[in-house]
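Structure, as structure tokens:
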Amino acid sequence: MATSEFDIIERYFMHHGTTRDDIVLGIGDDAALLQAPPARLLVSAVDTLVSGRHFPDNASAFDIGYKALAVNLSDLAAMGAEPAWATLALTLPEIDTAWLQAFADGFFSLADQHRLALVGGDTTRGPLSVSVQVQGFVESASVLRRDAAQSGQAIYVSGTPGDAAFALQALLRGDTVDPTLLKRLHRPTPRLALGQALGGVATAAVDVSDGLLADLGHILKASGCGATLWPDRLPQSDALRSLAGEVALEYQLNGGDDYELCFTVSPQRQAGLARVLEGLPVAVTEIGVVTAGPGIVCQPDNGVAYTPDAHGYDHFARGANG
Ligand code: ADP
Ligand code: MG
């Protein structure tokens with residue numbers, strides 16, 4: 001290699017971004033030493049992005065660095081946690097300094113927004129793959145678990161799910177895609193402020209990475225419940241509004257990669273929800289209700305209830321590149 005592994009670490013990752021008092025020892029030793037706050041739970045998540053599967057081979061390095069962290073922060077958001085630290089395992093086919101610089105810029109642009117510090121990692125040679133592990137904290141009373149939904153609770157979703165999948169399909173067709181819509185695919189916003197605001201207000205939560213039906217299904221399965229969804233009331237972006245109704249609905253229900261939050265709230269807490277949402281940058285929409293179940297039923301405003309076809313993103317079943 002023209003540049004050694006240690007040169008890469010020093011040049012692109014060490015002493016970059018946020019510094020935090022709770023880091024006793026960061027990048028440079030055999031392991032990092034971190035001081036977790038005694039009164040809160042430590043929350044930990046890891047996700048790997050593989051070239052050709054989770055992003056196209058020609059994806060921009062900035063977007064890859066950004067998204068590798070974003071998908072992990074989204075998992076912390078779905079637990080109600082505040083992020084603190086990350087480690088980064090990077091497998092590179094070659095040393096491309098321009099690529100590394102853009103990758104680090106993308107990663108730190110998001111990390112710095114959330115006071116997240118990179119405290120370690122691993123750098124190896126091989127087919128491009130990026131694995132990020134994140135740690136954060138949450139009060140035990142504020143945890144948002146998948147298994148805490150109950151019949152009668154309202155179901156909400158943030159943002160406008162379906163946009164990322166729509167952008168991806170347009171890209172694959174070779175269409176020109178509106179930059180705002182493309183950003184929903186390449187630079188999703190992890191809903192951290194929302195997740196933290198929901199602590200003590202929402203009961204269960206999940207982030208929507210594989211499609212609304214599939215991810216809401218995780219809450220319902222873990223909680224032993226079902227749901228009625230109101231398809232006419234699903235939030236819809238301008239981009240989806242221009243499509244035929246059933247095509248838009250397919251994106252809304254089964255499109256992945258939006259990293260919005262889907263969560264449940266008991267009727268007594270719904271008034272409190274409006275208060276904690278004030279000032280947050282993302283809208284939430286009530287889309288249905290938890291039932292005894294089992295399964296998800298769609299109830300149109302004017303029409304007969306039906307069971308929607310859930311085919312959320314499954315890498316092994318479909319083997320595509322989502
Ligand atoms: P070891 O061989 O003891 O595991 P390494 O030589 O792999 O150590 O790493 C040296 C230091 O650099 C460690 O502190 C490690 O956490 C850090 N590091 C390695 N790769 C990365 C990376 N891609 N991003 C951030 N830190 C890294
Ligand atoms: Mg070592």
Side-chain angles (χ1 to χ4, degrees), residues 1-37 41-77 79 81-137 186-190 192 209 259:
M1 288 191 193
T3 314
S4 78
E5 179 194 332
F6 198 73
D7 288 338
I8 293 174
I9 297 164
E10 238 186 356
R11 197 174 326 158
Y12 301 105
F13 300 115
M14 214 168 165
H15 309 304
H16 282 61
T18 302
T19 52
R20 297 177 57 101
D21 293 343
D22 53 14
I23 301 171
V24 179
L25 192 59
I27 294 175
D29 211 308
D30 292 307
L33 299 175
L34 307 167
Q35 184 68 62
L41 295 172
L42 181 66
V43 187
S44 182
V46 64
D47 255 316
T48 299
L49 301 190
V50 176
S51 181
R53 176 165 287 268
H54 300 97
F55 53 85
D57 294 323
N58 63 354
S60 95
F62 187 103
D63 289 344
I64 296 170
Y66 179 104
K67 193 165 177 180
L69 180 57
V71 300
N72 280 283
L73 290 180
S74 178
D75 284 327
L76 291 191
M79 299 305 290
E82 170 197 336
W85 312 308
T87 52
L88 165 67
L90 194 54
T91 305
L92 300 169
E94 63 191 345
I95 306 302
D96 175 340
T97 54
W99 192 95
L100 274 161
Q101 184 63 59
F103 174 88
D105 287 346
F107 183 95
F108 286 111
S109 73
L110 182 60
D112 291 350
Q113 285 175 40
H114 298 288
R115 288 200 59 244
L116 175 118
L118 183 64
V119 299
D122 191 29
T123 308
T124 52
R125 201 193 266 255
L128 180 60
S129 160
V130 184
S131 192
V132 175
Q133 181 175 40
V134 288
Q135 267 110 26
F137 318 124
H186 293 315
R187 299 194 199 160
T189 305
L192 285 155
S209 53
Y259 301 95

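Side-chain atoms are counted along with the backbone in the values below, which use heavy atoms only and exclude waters and symmetry mates. In each ligand, atom 1 is the first atom listed, and ligand 1 is the first ligand listed.
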Counting only heavy atoms, which portion of [X] has something under 4.0 Å from ligand 1: side chain, backbone, both, or neither?
X     : value
Ile9  : side chain
Glu5  : side chain
Asp29 : backbone

Quiz item: How long is the gap from CD1 on Ile23 to CD on Gln35, to the nearest 0.5 Å?
Solution: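 Result: 12.0 Å between the selected atoms.
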Quiz item: Taking only residues at least two apart or on different chains, which pairs with a member in residues 9-34 satisfy ring pair (Phe, Tyr, Trp, His ring centres under 6.0 Å)?
Solution: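 As it turns out, the ring pair (Phe, Tyr, Trp, His ring centres under 6.0 Å) pairs with a partner in residues 9-34, which skip direct neighbours, are His16-Phe108.
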Quiz item: Do Gly121 and ligand 1 have an N or O pair less than 3.5 Å apart?
Solution: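 Yes, Gly121 has an N/O under 3.5 Å of an N/O on ligand 1.
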Quiz item: Who passes side chain to side chain donor-acceptor pair (under 3.5 Å) against Arg187, sequence neighbours left out?
Solution: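 With neighbours one apart ignored, the set is Asp63.
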Quiz item: Heavy-atom distance under 4.5 Å between the side chains of Leu116 and Thr18, does that happen here?
Solution: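 No. Closest side-chain heavy atoms not under 4.5 Å.
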Practice problem: Indicate yes or no: at least one non-hydrogen side-chain atom of Ile9 is less than 4.5 angstrom from one of Thr123. | Solution: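 Sidechains of Thr123 and Ile9: in contact.
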Quiz prompt | Numbering as shown, the atoms of ligand 1 that approach Gly28 to under 4.0 Å (heavy-atom distance) | solution =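 Under 4.0 Å from Gly28, ligand 1 has these atoms: 11 (C), 13 (C), 14 (O).
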